[in-house]
Every structure is written in C-alpha cells, then in structure tokens.
Amino acid sequence: MSDLEIAMKYERVIELAKRRGFLWSSSEIYGATAGFWDFGPLGAILKRRVENLWRELYIIGEGFFEIESPTVSVEDAFAASGHLDCFVDLIVECKKCGEMFKADHLVQDVGSESTRAGVAKLIKTHDIRCPECGGELGDVRTFNLMFRTTIGPSSERIGYLRPETAQGIFVDFPRLLRFYRDRLPFGVVQIGKAYRNEISPRQGVIRLREFTLAEAEIFVDPRDKSHPRFDEIADVVLRLYPKKEQLRGKNEIEINVKDAVKKGIIPSQFMGYHLALVQLFLTGVGIRPETLRFRQHKKEERAHYAADCWDAETLLDLGWVELVGIADRTDYDLKAHAKKSGVDMGVFVLYDKPKVIERLRIKPKMDVLGPKFKEEAAKVADVLMRLRPRQLNELGKETIKVGGKTIRVDPKWVECERISEEVHGERVVPHVIEPSYGIDRIVYALLEHSLAEEMVEGEKRLVLRLPPKVAPIQVGVFPLLARDGLVEVAKRVASLLSKDGILMEYDDSGTIGRRYRRHDEIGAPFAITVDHQTLEDNTVTIRERDSMKQIRVSIDGVSDIIRGLLSGKIQFEMLGR
RNA sequence: GCGCUGGUAGUGUAGUGGUUAUCACUAUGGCUUGCCAAGCCAUAAACCCGGGUUCGAAUCCCGGCUAGCGCACCA
C-alpha cells in the first residue's frame, strides 16, 4: 500500500484540522486575529497527550519536577533577564515609501547607540535617509515583543506576559535548590503559555503570539558537564548540522553522540545527552526520523543569553521548522537575577576530598590602625583581612583603597601566622542546559506527518496515521447494522471500554464503511465491530486503521487488548495467530 | 509593516450591478443496508466587516480584518 503524493499539504492539513475539530483560528465570529489559534475538541486532547508523554519522559524518566509559575511577571524580572532591553526592536519608517527599518542598523556606521533618543539624534545630525528611496525617515519607535500590562488599579506597577517560561524557574532558584537539597545537577520543568507580540505572525500555529512551551531548566556544575547516564544514549545516531557545515555550504552529518562529543562537535556530554533525549521524544510521539535534524545556531542567531544552541528541526511542507531549541544558557540568567535582586544564586559544591590549603592568616593590629586611621580603622581592618598574599614579604607590595585614596600596606599593621586550612568545596553559579519545546508546532508537525492518502479499491482513502499513544479517539465502536439487537450489544461493549479508561466513540450512523473512513480521518487507530457472530459466541472484531485488517477476540478480554495495543505492549500483527 | 493574490453553507467550489445565490461532499432524521465513503426521501446550512457610488452592491470603489506567498521581522 503506497501513499499518494499530497499537493499543498499545509492547506490540506489545515482543511482537515478545521473540519474535524483539531484546530482553527481563534474568535472567528469577530474576525480572527493573526497569531491566535484554538485547539478544538480533538486537537486539545492530542496536545494534552503529547504534553503528558513529555511529562513522562522528563518528570518520571529524568526526575525533573514540574512547577507552575504565573504568566505575568513584574518588570524587574525582565529587566534582569535582559528581555526588556534585548527583546526590543528600534524601528523607523520611511515617510515616503513606507519601508520599515531597524533603526540601530541604519546608524551603525556613524555611532553605536542603542537607546531610542540616541539613535533618533544620530539620524537627525547625520541626515540619514531611507536606503531604499532616499526619503525622509519618521520617528524612531520602540517595539518590544513582550505584551505589557499594568498590575492593580493604580496602574503603577508594570507587568509583562512572559516570553518564555524559563524565567519563572530562574527566579525560584533559591527555593528549588533547597528542595533538591543543595546538590547539582538537578532539573525543573514547566509547561505553559508564553507570549510574543510578533510583528507578523504567519503559517497557522507555526508562529503564534500566544503559544505553549515545554521547557526544562537543568542546573549543572559549570566545571563538570559530564552526564552520569551518558552511556545510555552514547550510541544514538543524530543528524547534526553544525555551524561549520552551514558556513561552508555542506550537508548534515550523521554521527553517534559519543563520537560527536569526542570530536568536540557537541561541546559537552550534558548537551549531547539532551539532544538525544529530544530525538527520543520527537520520534516517540510520531515525528518521522528521516525529517529530523539538529542545526546549530550561528553566532548572530543566538539569543542574548545563549553560549551554544541547537535547534531540532523537522522538514514540513513549509520548509525546515524549529520544534525544539536546546541551549547552553551558561550562568547568564542566574547571575543576572543575583545582581538585580541582591540574592545569592550560588551553590556550595563539595570537593571529593577536602583540599588542604596553606596560607597566611592576617590579623590586623587595631592598636596601630586605630590611632592612624581613626574612624576609617574598622574598614581598613576589614580590607586587610581579605588580602591573600602567598608570602609574608609580598604583603608590603599590596595596596588597599581607603576613602578614595590608594595606600601601600605596611606589614607592621598586622600580625601574620601561617596556617593550613581545609577547604571542603567552593561556591559556584550553575550553568543551565535548556531544552525548550514548541508544543503547538509539534502537534502541527504530527498532523502533517500523519496525514496520508492512498488508493483502496479504486477509491481514495484519507487517513491520519497518528501513533496510537497520541490519538485523541482511541477506538471506534460500531454495530455492523443498526438492527437485530446489535446496537444494544455494541453499546454494552462501548461502556465497558469507557469504564476501563479508554476514550472511545460509539457510532451507528450510515454504513459500516462510512464509519471506518470517518474514524480513519480523525486518526482513531482501532475500531471494534459487533456483528451477528457476536450474538452467537460473544466475540467482536478489532480492525486496525493502517492495515485495515481485522482480527476476532472475545468481548471479555477486549479492554485489555485495546489498552495493550494503545501502549504498544501488544502488536496488532501478533494477534489472531 | 510594505507588496502581490484571495476571502461565497461545516468543507471544497460556481456565478452575477436587478426576484427565492450554483453544485458536490459533509451533517441531521427516515427508509434501505451482512464489513470498508453504495442507494432513495426529507431537512439544515453561506456572499469576511465597515464606509462610499447607485433606484438597487455579495458583485464596482475605498478602508479594515484575515489567509497564502515575497520582502522585512522571528530576543
């Protein structure tokens, strides 16, 4: 059975998605707004199933607990994270031809201004004109991609809708660290809505203004990015598209994780482990492996916080689309929040063995410092104690700053003794490895990859080959005919399945063939049919969506078999043999 | 934000400055029907929004919204 080529696949997917209740643009009755989409009845379940598989992998598999933080945060949080400054575009419009430009790009030859007023001044003083038509430029405007709001009735406190869920985790870091009992590494996940006021959202749910992110923030010791379970994924083969290959116009390379890390293509075991985990998840929910690659960001593509970033991309009708970004955010975020809030974001990491350090302990002689420095004496003593010269004779070379003046230290001000000290560890600010999944895009990609058309006895059959574990409707229950007492038996089977936690749909309208086709189109992987033989021996048929083959099983065991088929523990081909 | 092209039942479409806007599929009810969109009867369902021109606009013009594409943008 070979699939027919589907032309204009994006349109076909959207047509099916609207018609069958997966997706449509939001508030259509008032004229839809670009960048906002609804998940319909089947779409919402599909999405939830994808999210729950994600939870299984990260919460149960990795032990990363999920938190839920608000979608609105105060201005300080985003001032610290850099989104307030870096998430802004300065734009200027030509008064004559209407072309829009990034204002800071236009002035980069005459000065490096980044403020709105500064850029506007440069445009004026240097008489910069429209590069397209030479026309006069209008006012410089800022465009921040964050949605802004005010908190409370006085409207004094500014809030922003989060552009990523990550910051909610970073600002909770001290409490989370305590929860994980002060040890690295640990991970925290969050699934939730994020908002970006895109200038021009396009392509349905591929670029939205409100979208669902599933993010894991994994806090690691910056000195040691090896992964304790690296061996489990070392042999996984990834299709990588490193920046070098992109710059030289070369193709992707296929390589296992172990070798990629060894050769330095992937910078650390930790990064490699999580690239493999992403591939495991995406192919597990139904993204076709042959359309998947990991593309490394080139320097100019990287976000303000990222030291390295790989996008898991899939090939869709619209081209390569990013589904997941895996970034090494280093200590950027934690340090930024530490600085802005004044709260320590460090972790005390124990050494395997305590280090013995020999050093000089410096004890200020207050009876000397007192008369000499008067009220400044305490401050001077404090500075002196923090000096760490290795030798006694180096002390005289040290200088300290007191009241704005730089003074050479006189060894007579202190008493020194040589001590040996045990150091048990040190404070480090963790680095963050972050896989960030765009759930809406993944759901769309699933639909597109699943949609197939084939010829069956001269007729076209449209079928959504969703993997059973994500399919919204899990099984259809049909009486072969709507008479002869078949309806009653079918309804009994239906309620049996419901009681066992299976999402089924009962249908007795029209002919059996029509019902099979309808369920093919919404991706229901199995159908149970009650026929006349059922009345004789209490058996029903199970029909598999993709092969259209049927097997016969007893009603008594049908729930267990369906559950086995859905989870993948039972293979359909193995049944009935 | 600019440009091009479009927007008619749930979906895909036809069509026109002038009475109750075409067709197919779908849906619903009934008849029929012994396993893959059969048939018959009936029913329901649409001109994106606003303004202008006109005796009359779903049709022409303008604006908006929206969709696809190109440019720009995508921390």
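The shown structure was predicted, so the numbers you read here are calculated from the model rather than taken from an experiment. Note: hydrogens, waters and symmetry copies are ignored here, and every other heavy atom, side chains too, is used.
Shown here are the side chain to side chain donor-acceptor pair (under 3.5 Å) partners of A/Asp531, two or more places apart in sequence or in another chain: A/Thr534, A/Arg552. In this structure A/Leu566 satisfies the side chain to side chain contact (heavy atoms under 4.5 Å, CB included) test together with A/Pro468, A/Gln474, A/Ile502, A/Pro525, A/Phe526, A/Ile562, sequence neighbours excluded. Taking the side chain to side chain donor-acceptor pair (under 3.5 Å) definition, one finds that A/Lys47 meets it with A/Thr212, A/Asp440, sequence neighbours left out. Looking at residues two or more places apart in sequence or on another chain, you find a side chain to side chain contact (heavy atoms under 4.5 Å, CB included) between A/Glu210 and A/Phe36, A/Lys193, A/Tyr195. In terms of the side chain to side chain donor-acceptor pair (under 3.5 Å) criterion, residue partners of A/Trp310 (sequence neighbours excluded) are, by chain and number, A/Asp308. Partners of A/Tyr332 according to the side chain to side chain donor-acceptor pair (under 3.5 Å) rule, which considers only residues two or more places apart in sequence or in another chain, do not exist here.
Across the P atoms, B/rU59 and B/rG17 are found 12 Å apart, a figure rounded to whole Å. For B/rU20 and B/rG7, the P atoms lie 24 Å apart once the distance is rounded to whole Å. Comparing the same atom, C1', in B/rA46 and in B/rC2 gives a spacing of 33 Å after rounding to whole Å. If you take atom C1' in B/rG68 and the same atom in B/rG52, they sit 29 Å apart, rounded to whole Å.
A/Gly510 comes within 4.0 angstrom of no nucleic acid atom, judged by non-hydrogen atoms across all strands. Within the nucleic acid shown, A/Phe478 has no heavy atom closer than 4.0 Å to any nucleic acid atom.
Comparing B/rU66, B/rC74, B/rG12 by their closest approach to the side chain of A/Glu15 singles out B/rG12.
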Report, as a single string ordered 5' to 3', how protein heavy atoms within less than 4.0 Å touch nucleotides 34-46 of chain B: B base, S sugar-phosphate only, - not at all.
BBBBB--------

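At whole-Å resolution of the value, CD in A/Gln203 and C1' in B/rC73 are 13 Å apart. For the pair A/Asp38 CG and B/rG10 C1', the computed distance is 16 Å after rounding to whole Å. Nucleotide B/rG10 holds its C1' atom 15 Å from the CZ atom of A/Phe22, rounded to whole Å. When rounded to the nearest whole Å, the span between CG of A/Leu23 and P of B/rA67 equals 14 Å.
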Sort me out a list of protein N/O and nucleotides 3-9 of chain B N/O pairs below 3.5 Å, or just none if empty.
none

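For RNA chain B, none of the residues of residues 70-77 of chain A falls under the heavy-atom distance limit of 4.0 Å. A heavy atom lying under 4.0 Å from RNA chain B marks the following residues of residues 314-324 of chain A, by number: A/Leu318.
Applying the salt bridge (charged side-chain N to carboxylate O under 4.0 Å, His left out) test to pairs two or more places apart or on separate chains, those with a residue in residues 15-27 of chain A are A/Glu15-A/Arg19, A/Arg19-A/Glu521, A/Arg20-A/Glu521. Sorted by first and then second residue, the salt bridge (charged side-chain N to carboxylate O under 4.0 Å, His left out) pairs involving residues 474-496 of chain A (not counting sequence neighbours) form an empty list.
Using a 4.0 Å cut-off between charged side-chain N and carboxylate O, A/Arg295 and A/Glu322 make no salt bridge.
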